[in-house]
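Data block below; observations after.
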Amino acid sequence: MADHPTHSDRFRDLIRSLTGISLPPSKVMMIDQRLRRRVLAAGLPSTEAYLEKLLGGALPDDELRQVIDLITTNTTSFFREADHFDQLVRTILPERLGHRGAGGAARRRFKLWSAASSEGAEAYTAAMVLEEARRRRGDFDFAILGTDISQRMLERAVAAVYANEQLSTVPRDLVARYFLHSSAPSMAGKSRVVPELRARVRFRHLNLMDASYPVDRDVDVILLRNVLIYFDAGDKEKVVDRLVGHLAPGGYLMVGHAESMVVRHALLRQIRPTIFQKGDA
């Protein structure tokens, strides 16, 4: 007789269907650790008892959202995989600004989408390097969209407050130009992105497993780094296909170094190990 799936099995299936993240049985201990606070808050004796109530709809309506936050949250860092940002300003930006569309006019507004923005470090890194380029060139504007499945991470991204230790990977001149330091007790050991840069970046809730995305379809660069590694093969293909539909002709998709071999799409050509370009229409 076949074994019945445990609550843990059903929970992992639910997380995969909702978020695309595949949690193998070996992650049971990790799940238990991340849910421990919710188990205690619910006054239940074990994770298994908690999952039984969660899956049975016996917990408050927003409980599943909080669980997804705990399971999916990954903190990023400023200038992570810094070569991408070098390529962005040295090669991709000049090329995209010189690209002429159907009307024959060169692009003057550069769009970048951080598709799994977490607490915003990736989006603000892009904003810093693009603002530096804009200060040098003065002939373009830019807009950045950051999206994430975690509402808690999005709230942090909008607040744009970071521990000073997190700024250790940011060049000193950029820290001086783009971060504010306050003597207020609540800001001890913390800094905030300057309002001028915050105004360049919008954040929005988005689940990559949704069938469609409320995002412009002429984006110059999409960053989706260190996310696809958690998806199974079928979901990877669907997500990449949806992302390609939001790239402008000639636009770029950047992925993490562990993901360069999993990106496959008829409209994409690999120009560097982690950088793919969409063919011109």
Side-chain angles (χ1 to χ4, degrees), residues 33-34 36-38 41 62 65-86 88-89 93 109-138 140-206 215 219 221-227 254 256:
Q33 290 170 353
R34 293 197 180 184
R36 191 162 297 164
R37 265 186 301 162
R38 303 309 310 160
D62 71 336
R65 179 186 62 79
Q66 295 192 55
V67 167
I68 288 174
D69 274 3
L70 291 172
I71 293 296
T72 62
T73 295
N74 286 289
T75 302
T76 58
S77 59
F78 290 97
F79 286 90
R80 185 180 186 184
E81 299 186 20
D83 179 62
H84 282 162
F85 300 102
D86 290 338
L88 177 63
V89 293
L93 179 64
R109 185 170 177 81
F110 187 88
K111 296 182 180 181
L112 182 142
W113 176 18
S114 171
S117 58
S118 187
E119 61 182 353
E122 178 178 87
Y124 288 124
T125 298
M128 282 187 276
V129 299
L130 288 173
E131 178 61 17
E132 288 293 288
R134 193 191 68 80
R135 288 161 61 97
R136 291 191 298 270
R137 294 178 54 123
F140 76 99
D141 196 8
F142 68 90
I144 294 173
L145 172 66
T147 63
D148 202 86
I149 195 173
S150 169
Q151 194 64 49
R152 186 163 58 96
M153 288 294 103
L154 290 171
E155 289 168 3
R156 289 188 188 180
V158 171
V161 175
Y162 300 93
N164 290 337
E165 304 89 75
Q166 291 178 269
L167 308 186
S168 62
T169 54
V170 181
R172 288 187 179 182
D173 59 325
L174 299 188
V175 172
R177 188 171 296 142
Y178 296 117
F179 289 88
L180 295 172
H181 313 284
S182 171
S183 58
S186 62
M187 288 293 288
K190 300 175 183 177
S191 299
R192 191 180 192 194
V193 177
V194 297
E196 297 81 5
L197 204 66
R198 298 202 307 271
R200 298 278 189 177
V201 187
R202 294 179 300 118
F203 291 97
R204 180 185 300 164
H205 182 268
L206 186 143
V215 177
V219 179
V221 172
I222 298 175
L223 301 177
L224 185 69
R225 306 186 303 166
N226 307 301
V227 176
M254 296 183 178

Are any non-hydrogen side-chain atoms of [X] and [Y] less than 4.5 angstrom apart?
| X | Y | result |
| --- | --- | --- |
| Trp113 | Leu206 | yes |
| Phe110 | Arg134 | no |
| Phe79 | Met128 | yes |
| Leu70 | Arg152 | yes |
| Glu119 | Gln166 | yes |
| Asn226 | Arg80 | yes |
| Val215 | Ile222 | no |

Those residues at least two apart in sequence (or on a different chain) that pass side chain to side chain contact (heavy atoms under 4.5 Å, CB included) with Glu132 are Arg135, Arg136, Leu174, Arg177, Tyr178
List the residues meeting side chain to side chain contact (heavy atoms under 4.5 Å, CB included) with Gln151, not counting sequence neighbours, and say none if there are none.
Arg65, Leu154, Glu155, His205
Holding to side chain to side chain donor-acceptor pair (under 3.5 Å), I want the full list of residues that pass it with [X], two or more places apart in sequence or in another chain.
| X | result |
| --- | --- |
| Ser191 | Asn164, His181 |
| Asp62 | Gln66 |
| Gln33 | none |

Taking [Y]'s backbone N and O only, do any of them form a donor-acceptor pair with [X]'s side chain (distance below 3.5 Å, no angle check)?
| X | Y | answer |
| --- | --- | --- |
| Tyr124 | Ala157 | yes |
| Ser114 | Leu223 | no |
| Arg34 | Ile71 | yes |

As an exercise, state the distance from CG of Leu130 to NZ of Lys111, rounded to the nearest 0.5 Å.
14.0 Å
Nearest 0.5 Å please: distance from the CD atom of Glu122 over to the CZ atom of Arg225.
4.5 Å
Do any side-chain atoms of residues 193-204 form donor-acceptor pairs under 3.5 angstrom with protein atoms, and if so which ones, sequence neighbours left out?
from	atom 1	to	atom 2	distance (Å)
Arg198	NH1	Val193	O	2.5
Arg200	NH1	Asp141	OD1	2.1
Arg200	NH1	Phe142	O	3.3
Arg204	NH1	Pro214	O	2.3

Nearest atoms (heavy-atom pairs only) where [X] meets [Y]:
| X | Y | result |
| --- | --- | --- |
| Asp148 | Ser118 | OD1-N, 2.8 Å |
| Ile149 | Asp69 | O-OD1, 4.2 Å |
| Arg192 | Val158 | NH2-O, 4.3 Å |
| Thr76 | Ser117 | OG1-O, 4.3 Å |
| Glu165 | Gly189 | OE2-O, 4.2 Å |
| Ala115 | Leu224 | CB-CD1, 3.8 Å |

Would you check, one step at a time, whether the test side-chain contact (heavy atoms from CB on, under 4.5 Å) holds for Leu88 with Leu112?
CA-CA 10 Å; Leu88 177 63; Leu112 182 142; 4.0 Å; yes
